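All values below come from the heavy atoms of this structure, side chains included, with hydrogens, waters and symmetry mates left out. Model, not experiment: these values are computed from the prediction.
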Amino acid sequence: MPKVVDKVKVMVKERVEDENCDLSLSELTEIPVREIASFKRVIFLDLSSNRLVTLGRNFTTLTRLIKLDLSKNQIRILPDDFGQLEQLRHLDLYNNCLEHLPLSFGRLRRLRYLDLKGNPLTPAWQKIVGCCSTLKDCQQAAKNTVNVCANYKSEFIERERLAAQMRQASSSQMAGSGDGDASSTSNQSTKANGSETSKKSGKANKKSKSKKSGAAAENELTIKPVNAGSIKSTTNQKNNQKKKPTNSSNRRKWLTTISGVALSSLMTFLLLFMINVLIIYMIMFKNPDIADKLVEYIPHQYRDWILTKTEIFRLRVTDWISEFRTPPEEH
């Protein structure tokens, strides 16, 4: 006779303190979801070190949870709608019996910590999650699992499963009809016709077997999770294809910007040069007192050289102005 596991009743009211609900070490086999949901202020739930195998159907109604501890249990599978716990930030699943995770994890955008150490995960999920030995590893595991589940389209998987089921149903119907036709024709026709019908039924069986094997292979492919590296490679290929035609346009934009900068710099240089010439002219010829004051601030080492150069420049400017002002007849 199989052993009947008695349900352990726990007074949830006694275990609630402010925003925490501690139900650890209670030997629970079922989660008292209704009692926990009655306390709307509960945000942190501790269900560690119990005898839980599943979370139940109504567990995802606890949408206010931010921190959830399910470590040291015997949980084999999480509900498909686990992603409804969108407020969840800390999830501890240490030392359970999980092999894979539901694709609804893609909705847990606020998840920052995920510990899956001590679970018999498949190799594909093990690559995505990592070792989860340190705090950084757990943070990276949360990020990787959410991104992979979000990128992997659940609708595509469901369509493939429905298509596989339809193919299996059609192949079984074809096999059944082929066997019925073969039996009826074998009773009515001769031995030669019987041999032909047996050949046809053998071909139909071969086709049905090939269809079943193809459908089974498709089901296996749909159940397996996607690696993060394959998704990244496909996205990188698409980005490279988009970047190729834009290289020529980028070069043209670069050349136009360089030409515009060169023209603007040349114009500013000319303007500054003209302004300097006007300032020197105004100071030297209109206000000599200012020029003398400026000379005092020049160091003694360079004063003589600068004065000689400015004197030569002044003489040349005066000669040029006198030549410009005199009429052509006097020239």
Side-chain angles (χ1 to χ4, degrees), residues 23-24 31 43-57 59-60 62-158 160-161 217-237:
L23 297 175
S24 61
I31 301 170
I43 297 172
F44 307 106
L45 180 59
D46 189 357
L47 293 167
S48 61
S49 301
N50 284 295
R51 293 187 292 172
L52 299 173
V53 179
T54 59
L55 300 182
R57 296 180 181 178
F59 183 79
T60 54
L62 303 173
T63 55
R64 295 186 183 88
L65 293 178
I66 293 175
K67 183 177 180 180
L68 178 60
D69 192 352
L70 295 168
S71 60
K72 296 180 181 179
N73 280 287
Q74 299 173 6
I75 299 169
R76 295 181 179 179
I77 191 168
L78 294 175
D80 292 333
D81 57 348
F82 192 82
Q84 291 182 6
L85 305 175
E86 294 181 356
Q87 303 294 326
L88 203 62
R89 295 180 183 178
H90 185 104
L91 180 58
D92 194 348
L93 292 166
Y94 166 71
N95 199 7
N96 278 283
C97 301
L98 293 170
E99 294 182 357
H100 57 85
L101 299 174
L103 292 173
S104 60
F105 258 72
R107 296 171 60 184
L108 302 177
R109 294 292 184 181
R110 299 181 182 180
L111 191 65
R112 296 293 179 269
Y113 182 91
L114 178 62
D115 191 358
L116 285 165
K117 190 166 62 268
N119 285 280
L121 295 171
T122 58
W125 279 109
Q126 191 66 40
K127 288 180 182 178
I128 295 165
V129 173
C131 57
C132 296
S133 58
T134 61
L135 178 62
K136 289 183 179 180
D137 293 338
C138 294
Q139 291 173 353
Q140 191 65 32
K143 187 177 179 181
N144 290 338
T145 52
V146 171
N147 289 331
V148 169
C149 292
N151 291 325
Y152 197 70
K153 297 179 180 178
S154 59
E155 294 179 358
F156 182 72
I157 294 170
E158 290 177 0
E160 283 190 345
R161 286 179 181 175
E218 287 178 354
N219 286 325
E220 289 178 356
L221 290 171
T222 55
I223 291 166
K224 290 180 181 178
V226 177
N227 292 327
S230 63
I231 293 166
K232 289 181 181 178
S233 63
T234 53
T235 53
N236 290 325
Q237 288 177 359

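Counting only distance, with no hydrogens or angles, the side chain of D137 and the backbone of C131 share no donor-acceptor pair below 3.5 Å.
For Y94, there are no ring-ring contact (aromatic ring centres under 6.0 Å, His included) partners, not counting sequence neighbours. Every side-chain contact (heavy atoms from CB on, under 4.5 Å) that N73 has, sequence neighbours left out, goes to N50, L52, I75, N96. Under the rule for a side-chain hydrogen bond (donor to acceptor under 3.5 Å, both in side chains), the partners of D46 that lie at least two apart in sequence or sit in another chain are S48. For the side-chain contact (heavy atoms from CB on, under 4.5 Å) test, residues two or more places apart in sequence or in another chain that qualify with Q139 are L135. The side-chain contact (heavy atoms from CB on, under 4.5 Å) test applied to R109 returns V146, N147, A150, not counting sequence neighbours. Residues passing the side-chain hydrogen bond (donor to acceptor under 3.5 Å, both in side chains) test with E86 are R107, sequence neighbours excluded. Q140 meets the side-chain contact (heavy atoms from CB on, under 4.5 Å) test with K143, N144; sequence neighbours excluded. For F44, the ring-ring contact (aromatic ring centres under 6.0 Å, His included) test picks out no residue, with sequence neighbours left out. When the salt bridge (Lys or Arg N to Asp or Glu O under 4.0 Å) test is applied to K117, the partners found at least two apart in sequence or on another chain are D115. For S71, the side-chain hydrogen bond (donor to acceptor under 3.5 Å, both in side chains) partners two or more places apart in sequence, or in a different chain, are D69. Every residue meeting the ring-ring contact (aromatic ring centres under 6.0 Å, His included) condition with F82, not counting sequence neighbours, appears here in chain and number order: F105. Residues forming a side-chain hydrogen bond (donor to acceptor under 3.5 Å, both in side chains) with T63 (at least two apart in sequence, or on another chain): none.
Across all non-hydrogen atoms, the minimal contact from A142 to T145 is O-OG1, 3.0 Å. Heavy-atom minimum distance, A141 versus C132: CB-SG, 3.8 Å. Taking all atoms of both residues into account, the shortest heavy-atom contact from P79 to S104 is O-OG, 4.4 Å. The nearest pair of heavy atoms linking G106 to C149 is N-CB, 3.4 Å. Annotation for W125 and E99: closest pair CD1-O, 4.0 Å, computed over non-hydrogen atoms.
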Stepwise side-chain contact (heavy atoms from CB on, under 4.5 Å) check, L55 with L70: CA-CA 10 Å; L55 300 182; L70 295 168; 4.0 Å; yes

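Expressed to the nearest 0.5 Å, how far CD1 of I128 lies from NE2 of H100 amounts to 12.5 Å. Considering CG of L98 and CG of L121, their distance stands at 7.0 Å, rounded to 0.5 Å. Between the OG1 atom of T122 and the CG atom of L101 there is a distance of 8.5 Å, given to the nearest 0.5 Å. Distance check, rounded to the nearest 0.5 Å: CG of L62 to CD1 of I43 gives 12.5 Å. Considering NE2 of H90 and CG of L65, their distance stands at 12.5 Å, rounded to 0.5 Å. Atom-to-atom distance recorded for L45:CG and L88:CG is 10.0 Å, nearest 0.5 angstrom.
You'll find the side chain of L108 stays beyond 4.5 Å of the side chain of L114, heavy atoms only. Taking the side chain as every heavy atom from C-beta outward, L78 and L93 approach each other to under 4.5 Å. L85 places a side-chain heavy atom less than 4.5 Å from the side chain of F59.
Summarising the local packing, CG of D81 is surrounded by more than 12 heavy atoms from other residues, nucleotides or ligands at distances under 6.0 Å.
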